[in-house]
Every structure is written in structure tokens, then in C-alpha cells.
Engineer: 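Input: one structure, supplied below.
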Number of protein chains: 2
Amino acid sequence: MQPYILIVEDEPDIVELLKYNLEAADYEVGIARDGDEAEISVAERQPDAILLDWMLPGVSGIELCRRIRRRPETRMLPIIMLTARGEETDRLRGLDSGADDYVTKPFSPAEVIARLRAVLRRALPSTAVETLEYEDIMLDLAGHRVERAGRNIHLGPTEFRLLRHLMEHPGRVYSREQLLDAVWGRDIYVEARTVDVHIRRLRKALNEGDAADLIRTVRSAGYALDKAG
Amino acid sequence: MQPYILIVEDEPDIVELLKYNLEAADYEVGIARDGDEAEISVAERQPDAILLDWMLPGVSGIELCRRIRRRPETRMLPIIMLTARGEETDRLRGLDSGADDYVTKPFSPAEVIARLRAVLRRALPSTAVETLEYEDIMLDLAGHRVERAGRNIHLGPTEFRLLRHLMEHPGRVYSREQLLDAVWGRDIYVEARTVDVHIRRLRKALNEGDAADLIRTVRSAGYALDKAG
DNA sequence: CACATCCATGCAAATCTGGTTGATCCTTGG
DNA sequence: CCAAGGATCAACCAGATTTGCATGGATGTG
């Protein structure tokens with residue numbers, strides 16, 4: 001999936017220039033013509049980086065930058081300022097207001113793209129593997145949340161760990177003993193049959209409504225996460 | 001604790017200039033005169049950022065930059081290139097080789113420090129943002145104030161830090177131990193159950209009136225800031 | 001000293017967990 | 001094809017944990 005870049009700029013020529021070059025460099029591009037449009041756009045779909053004009057009608061670029069920094073979910077969003085001014089004090093204000101970098105007009109598209117790459121290189125890893133997905137199940141490790149088809153699902157601690165383990169290798173069959181080791185702990189003694197009970201609970205929670213059962217029972221072997229038997 | 005900055009530069013005058021200004025700006029400063037010294041120094045004590053001369057005796061700046069990027073533990077280390085060259089292609093090579101930013105000589109110390117701050121802000125998440133927002137909660141770091149839906153909320157110091165920590169990563173679950181570390185301090189001993197008490201106070205203060213509870217309890221895991229359970 | 005804040009603790013309620021049991025399903029042998 | 005036997009499922013229960021909440025004493029500050 002290509003990084004999605006939001007351009008916030010009111011001069012159509014510059015928008016065109018950037019859009020053309022960014023798309024040629026295989027980025028996805030969104031446009032906002034002023035600060036308000038930009039805020040709405042960011043709320044709708046969070047970009048991977050923003051190219052932000054310093055001089056905007058309405059809300060100034062510097063103010064928009066501050067607003068974006070204020071919300072935790074966009075605090076780390078890389079912002080590159082586009083500015084016509086070359087004076088040092090202004091550049092400093094730009095950086096201090098929270099921009100990650102700036103480019104002075106007139107700029108070459110190649111330079112913008114190089115800076116974009118530099119800035120994305122730092123930002124992307126933060127979208128680390130904190131979620132597991134399988135089919136329409138989404139499991140958020142950091143938030144201890146599970147969703148199925150967008151709907152929130154509540155699981156107890158043991159069911160959560162069980163699902164997590166299954167989702168780490170979808171399609172693989174785990175014996176009751178393996179599951180006990182991995183989910184309950186290596187030297188805990190519980191009945192193997194107990195796994196059945198928790199599998200059942202997990203199924204019940206996941207299939208709430210009338211969704212398809214994604215847990216496959218393998219007779220005399222164990223269980224696996226995949227569709228249909 | 002002040003950020004520790006490593007200067008990699010062979011010209012004594014420039015080293016002096018930077019060292020003086022950085023220390024005046026309350027940074028801790030280390031010096032390396034060439035690439036090898038720099039590598040050893042980084043291995044001994046990892047800096048929070050590196051100011052790196054492009055032209056070095058021995059290993060070139062660009063090569064050192066690549067080496068640093070190669071090791072996982074220093075991959076994210078912010079690097080600012082100091083370069084005498086102004087031509088665009090060289091600047092691009094610098095950014096592409098993995099530098100986070102560059103400054104062309106002759107540079108003003110103020111600009112270097114501004115860029116350093118920008119680069120550290122990204123690396124040390126907590127710097128430089130003065131307000132946080134989540135849903136209708138607004139937390140003003142500088143003023144130690146909290147508002148919910150425009151209404152002022154009074155919190156004690158511990159509750160304030162607790163809320164602040166939760167607001168820095170909404171949706172993420174923190175265990176009692178993590179919260180004790182982050183909010184109380186790394187080597188303070190208090191009962192883990194005490195966290196419950198403060199969570200309760202925080203809830204009580206935030207939900208004054210009949211606002212929705214935004215703190216989610218995750219059984220056997222901890223607490224998170226988000227809506228719905 | 002008065003006030004604000006913090007921490008430990010005890011109890012009750014909520015929730016989770018592991019086990020039991022009978023019904024049901026599947027496999028296999030005749 | 002049918003029946004027997006083993007394995008799995010579903011509902012329920014009781015004990016164990018965990019959390020919520022109230023309180024009282026401790027600590028610090030002006």
C-alpha cells in the first residue's frame with residue numbers, strides 16, 4: 001500500500017506540480033485548499049504525511065500544525081512546511097511550531113520527495129505489528145481489543161490469549177496440549193478437556209450474530225483458525 | 001535529564017562553536033573527531049542525536065550514517081548532517097543515505113538548535129506539545145489544566161500525570177506496573193492496587209455530571225483510555 | 001494548624017475459570 | 001447401511017481472582 005500524502009495548499013499551480021510528481025513517485029495524494037478542509041480531511045482519513053503551505057487563507061499553516069500536534073493520534077504525523085519566506089526567524093518558528101521539516105519556494109519536486117522519504121522512513125515503523133488480522137477478525141495487542149467485521153467483541157483474558165495464539169499461525173492445527181502450554185503456561189496443570197470449554201466460549205463470542213465459524217475442529221488432533229471444514 | 005548530543009566533526013573551530021552553543025542550550029555534548037571515534041563513542045553511550053560532518057577524515061560522513069542506520073539499535077537515531085556543499089544533488093544524497101536533516105555551512109547555531117529540537121521532538125515523543133486532546137477532554141500541559149466538554153476539571157498531581165500518560169496513547173492498555181513506572185517513577189515502591197484508587201478518582205472527576213466513562217478496564221491487563229467496553 | 005493529596009487496606013460485587021454432566025456428532029467395524 | 005464407541009459440544013455451577021469503592025491514617029504544604 002502506497003503512503004498517502006495530504007497536500008494543503010491554495011495555489012492551484014503548486015498543487016498541480018506536487019500532485020503530478022508525487023503520483024509519479026507512486027504516492028497516493030489528497031488535496032485540501034485551506035486549514036478547515038485539511039482538518040476535516042485528516043479526520044476522515046489519516047495521511048502518512050502532510051505537505052503544508054505556510055500561508056493559507058483562514059487558519060494559518062502554523063496554527064493548523066499546532067492543532068494537528070495537539071491530538072495524540074496525529075501527534076507523530078510528519079509535517080513538511082512549504083514556505084516562500086527564507087528568513088531564518090520564520091524558518092525557526094516553523095520548526096518550533098511542530099513541523100518536521102520545511103522546504104522554501106521555489107522548490108524542486110525532487111527535493112520535496114527526498115524530504116518526504118526521509119520523514120516517512122522515520123514515521124512508518126511506528127505502525128508496528130501491534131495488530132493481528134485474519135479474515136474479518138482484527139486483534140489489537142496494545143489495546144487488548146478484538147473486532148469482528150468492525151463490531152467490538154468482548155473476550156476474557158484466557159480467550160484473548162487463546163485467540164491471539166491461533167491468529168499467530170492461522171490454518172495451523174494446535175493440539176490441546178500445545179494450546180495449554182502456550183496459553184495457560186508451561187507448568188500449569190489443567191484438564192485437557194478444559195480447552196474445549198474455552199474454544200467453545202471463543203466461538204460463541206466470535207460468531208455473535210450469525211457470522212461464519214472460523215475455528216476448525218480437527219478430530220483427534222486439535223483446533224485451527226480457518227474457514228470451513 | 002538533558003538530551004545527549006554527539007558531534008562528529010574534525011574542525012576544532014566548528015566543534016567549539018557547536019559545543020558552546022549546545023551546552024548553553026542545556027544539552028549534554030560528546031565529541032568525536034572522525035568516523036571510527038564516532039562508532040566507538042556511539043557504542044559506549046548512545047546519544048539522543050548526532051550532528052555529523054559530511055567531510056570527515058577516514059570513513060566519510062555518508063558512510064558512517066549508513067553504518068549507523070544498519071544496526072537495529074541505532075536505526076532510529078536522529079542524524080543531522082553538516083555540509084559545506086549547497087548543490088541539490090548532494091543534499092538529496094545526504095537525505096537518502098539516511099540523515100534526518102542537514103544544515104549547510106556556514107550555519108547559525110540557532111538554526112542547528114532549532115533543527116535539533118525538531119528532530120528530537122520526533123524521537124522523544126513527549127517534548128514540545130503543550131496540549132493534548134482526546135474526544136472532549138482537553139489537557140493543557142503548560143497550564144496543568146484539564147477540561148471536559150469545556151468544563152474545567154480539577155485533578156490532583158498524580159491524577160493529572162496519570163491522565164496525561166493515558167492520553168499520550170489513547171486506546172492502549174497499560175498494566176498497573178507500567179503505570180506505576182510512568183506516573184509514579186521508576187523506583188518508587190507503592191502497591192499496585194493503589195493504581196485502582198487513582199483510576200477511580202480520575203473517573204469520578206472526569207465523569208462529573210453524567211458524561212460517558214472514557215476509561216476502559218481490561219481485566220487482568222490494566223486500563224486504557226477509550227470509549228465503550 | 002488547616003488543607004489538600006496520597007497511600008494502604010478491607011469488603012462486596014463483578015467477572016473469570018475450570019470442572020461436571022448429558023446430549024450430540026463422527027468414525028469405524030461389521 | 002447400521003450400530004457401537006469414542007470424542008466433542010453445550011449448559012451449568014462453584015470456587016478463585018480481580019476490581020470497585022469507602023475509609024482512615026500518613027504525608028506534605030502554605
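Proteins get letters first, then strands, A, B, ... in listed order; numbering begins at 1 in each. The structure presented is a predicted model; accordingly, all values stated were derived computationally and were not measured. Quick note: numbers below take in every heavy atom, side chains included, and nothing from hydrogens, waters or symmetry partners.
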Engineer: Would you grab the first and last nucleotide of DNA chain D (5' to 3') that comes under 4.0 Å of any non-hydrogen atom in chain A?
Structural biologist: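 Reading along DNA chain D, I get D/dG6 to D/dA11.
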Engineer: Strictly below 4.0 Å, heavy-atom distances to any atom of DNA chain C: list the hits from residues 174-183 of chain A, or just say none.
Structural biologist: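 Heavy-atom cutoff 4.0 Å gives no residues at all.
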Engineer: Taking ring pair (Phe, Tyr, Trp, His ring centres under 6.0 Å) as the definition, give me every residue that meets it alongside B/Phe107, ordered by chain and number, with sequence neighbours left out.
Structural biologist: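 B/Phe107 satisfies ring pair (Phe, Tyr, Trp, His ring centres under 6.0 Å) with no other residue.
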Engineer: Would you say B/Leu206 and B/Leu214 make side-chain contact, with heavy atoms under 4.5 Å?
Structural biologist: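 Contact flag for B/Leu206/B/Leu214 side chains = no.
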Engineer: Expressed in angstrom and rounded to an integer, what is the separation of A/Asp213 atom CG from C/dC25 atom P?
Structural biologist: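 Interatomic distance, CG of A/Asp213 to P of C/dC25: 15 Å.
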Engineer: Can you confirm whether the side chains of A/Thr217 and A/Arg203 place a donor and an acceptor under 3.5 Å from each other?
Structural biologist: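 Yes, side-chain donor-acceptor contact under 3.5 Å.
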Engineer: So, for A/Gly61 and A/Leu52, which heavy atoms are closest and what is the spacing to 0.1 Å?
Structural biologist: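 Scanning both residues completely, I find the closest heavy atoms to be O-CD2, 3.4 Å.
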Engineer: Any ring pair (Phe, Tyr, Trp, His ring centres under 6.0 Å) involving residues 190-220 of chain B? Give me the pairs, sequence neighbours left out, ordered by first then second residue.
Structural biologist: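 Matches after skipping sequence neighbours: B/Trp184-B/His198.
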Engineer: Apply side chain to side chain contact (heavy atoms under 4.5 Å, CB included) to B/Arg33 and list each qualifying residue two or more places apart in sequence or on a separate chain.
Structural biologist: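 Per chain and number, B/Arg33 pairs via side chain to side chain contact (heavy atoms under 4.5 Å, CB included) with B/Ile31, B/Glu37.
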Engineer: Under 3.5 Å, side chain of B/Arg216 to main-chain N/O of B/Ala224, donor-acceptor pair present?
Structural biologist: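 Not at all, since once roles are kept as given, no pair shorter than 3.5 Å links the two residues.
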Engineer: Looking at every strand, decide which applies to A/Tyr223 at a 4.0 Å heavy-atom threshold: base, sugar-phosphate, or nothing.
Structural biologist: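 A/Tyr223: backbone/sugar contact only, no base atoms under 4.0 Å.
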Engineer: Could you work out, with side chain to side chain contact (heavy atoms under 4.5 Å, CB included) as the rule, every residue matching B/Tyr4, not counting sequence neighbours?
Structural biologist: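 With neighbours one apart ignored, the set is B/Leu6, B/Glu28, B/Ser41, B/Arg45, B/Pro47, B/Asp48.
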Engineer: According to salt bridge (charged side-chain N to carboxylate O under 4.0 Å, His left out), does anything in residues 143-155 of chain B pair up with another residue at least two apart or in another chain? List the pairs.
Structural biologist: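 Of all non-adjacent pairs touching residues 143-155 of chain B, those that pass salt bridge (charged side-chain N to carboxylate O under 4.0 Å, His left out) are B/Asp136-B/Arg148.
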Engineer: With no hydrogens and no angle check, is any side-chain donor or acceptor of A/Arg69 less than 3.5 Å from a backbone partner on A/Leu77?
Structural biologist: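 Flag set: sc A/Arg69 to bb A/Leu77 pair under 3.5 Å.
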Engineer: What does the inter-axis angle of the helix from C/dC1-D/dG30 to C/dG30-D/dC1 come out as, five pairs per end, nearest 10 degrees?
Structural biologist: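 What I find for the helix from C/dC1-D/dG30 to C/dG30-D/dC1 is an axis angle of 40°.
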Engineer: Could you work out, with side chain to side chain contact (heavy atoms under 4.5 Å, CB included) as the rule, every residue matching A/Arg200, not counting sequence neighbours?
Structural biologist: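 Once residues adjacent in sequence are excluded, the partners of A/Arg200 under the side chain to side chain contact (heavy atoms under 4.5 Å, CB included) criterion are A/Lys204.
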Engineer: What residues, two or more places apart in sequence or in another chain, satisfy side chain to side chain contact (heavy atoms under 4.5 Å, CB included) together with A/Arg67?
Structural biologist: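 Listed in chain order: A/Glu39, A/Val59, A/Glu63, A/Arg70.
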Engineer: Partners of B/His144 by ring pair (Phe, Tyr, Trp, His ring centres under 6.0 Å), sequence neighbours excluded?
Structural biologist: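 B/Phe160.
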Engineer: Please tell me which of B/Gly222 and B/Lys204 maps to the more 5' nucleotide of DNA chain D, matching each residue to the nucleotide holding its nearest heavy atom.
Structural biologist: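 The answer here is B/Gly222.
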Engineer: Do nucleotides 5-16 of chain C as a string where each nucleotide becomes B, S or -: B if the base has a protein heavy atom under 4.0 Å, S if just the sugar-phosphate does, - if no protein is that close.
Structural biologist: SBBBBB---BBS
Engineer: Could you state the atom-to-atom distance from CG of A/Asp196 to C1' of C/dT20 in whole Å?
Structural biologist: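 These atoms are roughly 13 Å apart.
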